[in-house]
Amino acid sequence: MLSLTRRRNSLYLLAGLIFTFVFLSYRNLPRDALLRPGTKQPPSPPGSRWSLHKPHHPIPPSSLHRLPTTPPLSLPRIQKHPFPPESPTELGNRLIRQQRVKDTFLRCWSSYRSHAWLSDELRPVSGGKRNPFGGWGATLVDSLDTLWIMGLRAEFNEAVEALGNISFDSTRLREVSVFETNIRYLGGFLAAYDLSGDERLLAKAKEVGEMLYAAFDTPNRMPVTRWDLNGAARGRRQMAGEHVLLAELGTFGLEFTRLSMVTGEMKWFDAAQRITGALRRVQNETQLPGMWPVVVDARGMKFGAHGDHTLGAMADSWFEYLPKMYALVGGLLPEYKEMYEVAMSTAIRHNLFRPMVPGDADILMAGLVHAKTSDGQTRTSLRPEGQHLVCFAGGLLALGGRLIEKQLHVDKGEKITDGCVWAYKAMPLGIMPETFYVVPCESILECKWDEKKWVQAVMELGSSGEDKLSFEKAKQLIDYKRLPKGFTAIPDTRYHLRPEAIESVFVLYRITGRKDLMESAWDMFQAIDSHTRTELANSALMDVTVTDEAVTLSDTMESFWLGETLKYFYLMFSEPDLISLDEYVFNTEAHPLQRLLP
Ligand SMILES: *[C@@H]1O[C@H](CO)[C@@H](O)[C@H](O)[C@H]1NC(C)=O
Ligand SMILES: *[C@@H]1O[C@H](CO)[C@@H](O)[C@H](O)[C@H]1NC(C)=O
């Protein structure tokens, strides 16, 4: 009996070992593929025209950039370790909150499924649909990894099945955004593949990858960013644009590199690397040396002429991908670390400022710098603007600071994140507006609230040329525009269901374990969910300066609400090892990609 049992046990053990081995080698395939390029090339799905696309400007194989094949480095730990323990009450609260986020997600998902299935977006008030992203089911693709992370396997499987009915061969749009297609669709497929290992997702990622690659078929191999896809499919010749947004030119690294890692085909990595090389060459020769301007000339390959420099809208994810690329490839591409470090020391010196706020909170914001350099002299002026979009910079600096072991960056990232939390709390609905202005402090070290100075700043901003505003009129303007103390103007009062603030709160929480961040996150979630909720789902808001009764819904729900905002809220209330920052990097659409680890 005994020996039989034991033999059976060892048989189980053997079967277990074989299973584990097969399973592990299966999960490890991406890494193997990286080390031995060309070992794993899934067939292109039938009906995808892009794999047959003939380029006008092919890359000779001899000049193809290839991923390094040396073993990855062991990079510094990013998440706090050990993570602070929680009491039974804290645990209970956390799980209730997490369930609430999941309930909100499921409500939106079900409405999308019944009213707008395979369309890009659901209209959350009227129940209609919208197709601004090619009409390839943006919400469905953006939600795949969130479904997986939330453990919604039946919904995930149904969504993956439905991908068979999405074809990237054509679009009804005259022009598609190559940037949005890359971060939402390619990022979405790759992350869902990394999490589930489902080969159908890899096939879909390749299909989108082949399509996007055709946008790079220009004489200088810089991509067309607003792209006539149907024209390209017919073989039309194309050139890169002369006025291109930095983010739209420079946000391919993570997705294209991961696609090369999992397929073993280097052409995508090569395409992204050519852009990086071109931008790297001019990093110290721009109007604000160390940073790149918002607008660049991708046709003439002139990247330093324009004067406006920001970490915010239209530039953001180029900066975001610098440390994340370094992390993705296990530190094997040190140029990204160097570019990150140089860019951030410039941004910290010029773009970050402390706003004057009631209560004198020690917070930071990242503004826009206009710069002009001549004869080695750089003259700058700061626009003290806050943006919801630039809130990602808190997480960027904290993550980058951990990666290169620079505590200064982590501290700055923490204060930017606290600034975003402040802006949420300062508004009547508890939700930050899209853009606003504040009064910059003269010193970052000390800054006392001065109400008169604030009204004067409103006065100056409200005056134009000869038309000067009086102090009294400025006070009336404050009432009329419903400006909370500290805000001097709110040019864009909307809230688009954006993720950047909770993104940074999440990253900072995983890095520091600060418990107050979890409370802030919960306040943010409750404010957003309650004010944006419709019969069907959640809707963007027209104006966050009003009180509850006057809220107007704009009847839009971008795919990032399910793909990013609710994912970050969910992860905020999860165990810290669910999608650990030590194993994954998030693309700019919150799609987690597996890092190369030693
Ligand atoms: C694809 O579309 C066809 C026709 O509309 C439909 O019958 C089929 O169920 C769809 N398949 C999936 C997986 O959604
Ligand atoms: C730019 O200047 C910094 C020093 O300020 C230097 O470390 C970096 O290597 C330079 N970058 C390039 C591409 O020359």
Side-chain angles (χ1 to χ4, degrees), residues 63 65-68 73 75-76 220-222 240 244-247 249-254 256-257 269-298 300-311 315-353 366-380 382 393 396-397 399-413 444:
S63 76
H65 294 76
R66 291 171 194 282
L67 275 159
L73 312 179
L75 298 176
N220 64 7
R221 298 300 303 181
M222 294 293 117
V244 172
L245 300 177
L246 180 62
L249 177 68
T251 310
F252 295 99
L254 289 179
F256 276 31
T257 303
F269 173 68
D270 170 85
Q273 209 62 3
R274 283 168 196 272
I275 297 169
T276 302
L279 286 169
R280 183 165 180 236
R281 278 190 288 280
V282 303
Q283 181 168 15
N284 293 337
E285 288 148 32
T286 60
Q287 301 301 323
L288 186 63
M291 284 179 78
W292 298 263
V294 174
V295 177
V296 294
D297 172 5
M301 303 288 274
K302 290 200 266 303
F303 301 119
H306 193 81
D308 288 345
H309 299 75
T310 172
L311 294 178
D316 41 22
S317 41
W318 160 249
F319 294 101
E320 176 184 354
Y321 278 20
L322 297 176
K324 290 185 172 182
M325 274 297 285
Y326 181 68
L328 179 74
V329 299
L332 294 182
L333 298 168
E335 66 264 36
Y336 285 96
K337 178 183 176 191
E338 184 195 289
M339 284 188 288
Y340 163 77
E341 217 169 338
V342 175
M344 287 310 117
S345 72
T346 305
I348 288 171
R349 189 149 12 106
H350 293 284
N351 294 72
L352 300 198
F353 69 94
L368 183 139
V369 171
H370 187 83
K372 177 109 191 97
T373 296
S374 56
D375 304 329
Q377 290 286 353
T378 303
R379 262 176 283 276
T380 62
L382 172 75
L396 161 76
L397 275 156
L399 184 90
R402 292 295 283 220
L403 268 176
I404 66 166
E405 297 184 294
K406 235 185 185 176
Q407 186 59 32
L408 176 77
H409 288 199
V410 181
D411 296 344
K412 299 287 180 195
I444 213 156

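Counting starts at 1 for both ligands and their atoms, in listed order. Note: hydrogens, waters and symmetry copies are ignored here, and every other heavy atom, side chains too, is used.
- Between W292 and F319, the ring-plane angle classifies as tilted under the 30° and 60° cut-offs.
- With respect to T380, the side-chain contact (heavy atoms from CB on, under 4.5 Å) criterion is satisfied by exactly one of N351, L288, T373: L288.
- T257 is linked by a side chain to side chain contact (heavy atoms under 4.5 Å, CB included) to L67, M261, F269, M325, L328, V329, counting only residues two or more places apart in sequence or in another chain.
- Considering only residues two or more places apart in sequence or on other chains, N284 meets the side chain to side chain contact (heavy atoms under 4.5 Å, CB included) condition with V342.
- Looking at residues two or more places apart in sequence or on another chain, you find a side-chain hydrogen bond (donor to acceptor under 3.5 Å, both in side chains) between H409 and Y340.
- For Q377, the CD atom counts as loosely surrounded, since its 6.0 Å shell holds 12 or fewer non-hydrogen atoms of other residues, nucleotides or ligands.
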Could you tell me, for ligand 2, which of its N or O atoms are under 3.5 Å from any protein N or O, listing the pairs and their distances rounded to 0.1 Å?
residue: ligand 2; atom: 2 (O); partner: N284; partner atom: OD1; Å: 3.3
residue: ligand 2; atom: 2 (O); partner: N284; partner atom: ND2; Å: 2.4
residue: ligand 2; atom: 9 (O); partner: E338; partner atom: OE2; Å: 3.1
residue: ligand 2; atom: 11 (N); partner: N284; partner atom: ND2; Å: 2.9
residue: ligand 2; atom: 14 (O); partner: N284; partner atom: ND2; Å: 3.4

